[in-house]
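To start, the structure under review is shown below, and the notes come after it.
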Amino acid sequence: MRVTRKLLLAPAEVERALGLHSAVAEAAVVGVPDPVWGERGVAFVVRAEGAALGEDELLAHARTELAGFKVPVRIAFVDALPRSTIEKLARSRLREQATALIKETAHEYH
């Protein structure tokens with residue numbers, strides 16, 4: 001769960017919406033601190049094999065499936081999502097990557 005403007009938001013809802021796009025093989029969403037919203041979502045997406053998909057296209061898709069405050073602020077494409085030794089999604093590693101990504105591009109979002 002992440003909190004956006006005092007509203008609880010389940011990452012699974014956003015991940016499901018992103019996964020509806022035919023070019024998405026897998027998606028994970030984590031929250032990163034935001035001074036205005038509390039937290040903002042950053043999505044990590046594995047493209048389906050052979051698929052060509054850009055951030056703008058996937059964000060546009062997300063806007064058709066989700067309320068505006070649920071749409072991730074950023075989408076990063078990765079070859080694979082990090083997993084633990086028991087194959088559980090390593091959200092803590094994704095949060096670290098998301099925080100670094102947002103810091104690098106902070107001027108674009110505030």
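Keep in mind it's a predicted model, so treat the numbers as computed, not measured. By convention here, the first residue in the shown sequence is residue 1.
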Looking only at heavy atoms, which two atoms of [X] and [Y] are closest? And how far apart?
X: A48; Y: S22; answer: CB-O, 3.9 Å
X: P11; Y: V29; answer: CB-O, 3.5 Å
X: L81; Y: A28; answer: CD1-CB, 3.9 Å
X: P72; Y: L59; answer: O-CD2, 3.4 Å
X: A90; Y: S84; answer: CB-N, 4.5 Å

_Sidechain N-carboxylate O distance under 4.0 Å for R74, E55_ =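 Answer for the salt bridge query: yes.
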
*Do V73 and D34 come within less than 4.5 Å of each other through their side chains, counting heavy atoms only?*
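Contact flag for V73/D34 side chains = no.
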
_Would you say that T99 contacts E96 through its side chain, given a criterion of any heavy-atom pair below 4.5 Å between the two side chains?_
no

Under 3.5 Å, side chain of [X] to main-chain N/O of [Y], donor-acceptor pair present?
X: R40; Y: V71; answer: no
X: R93; Y: R83; answer: yes
X: R47; Y: L53; answer: yes
X: H21; Y: A62; answer: no

*Identify which one of L18, V14, L20 satisfies the side-chain contact (heavy atoms from CB on, under 4.5 Å) criterion when paired with E65.*
L20

*Sole residue of V30, L89, I75 in side-chain contact (heavy atoms from CB on, under 4.5 Å) with F44*: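 When V30, L89, I75 are each tested with F44, the side-chain contact (heavy atoms from CB on, under 4.5 Å) holds only for V30.
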
*Nearest 0.5 Å, what's the NZ-CG distance between K103 and L101?*
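One finds 12.0 Å between NZ of K103 and CG of L101.
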
*Roughly how far, to the nearest 0.5 Å, is CG of D56 from NE2 of H61?*
14.5 Å

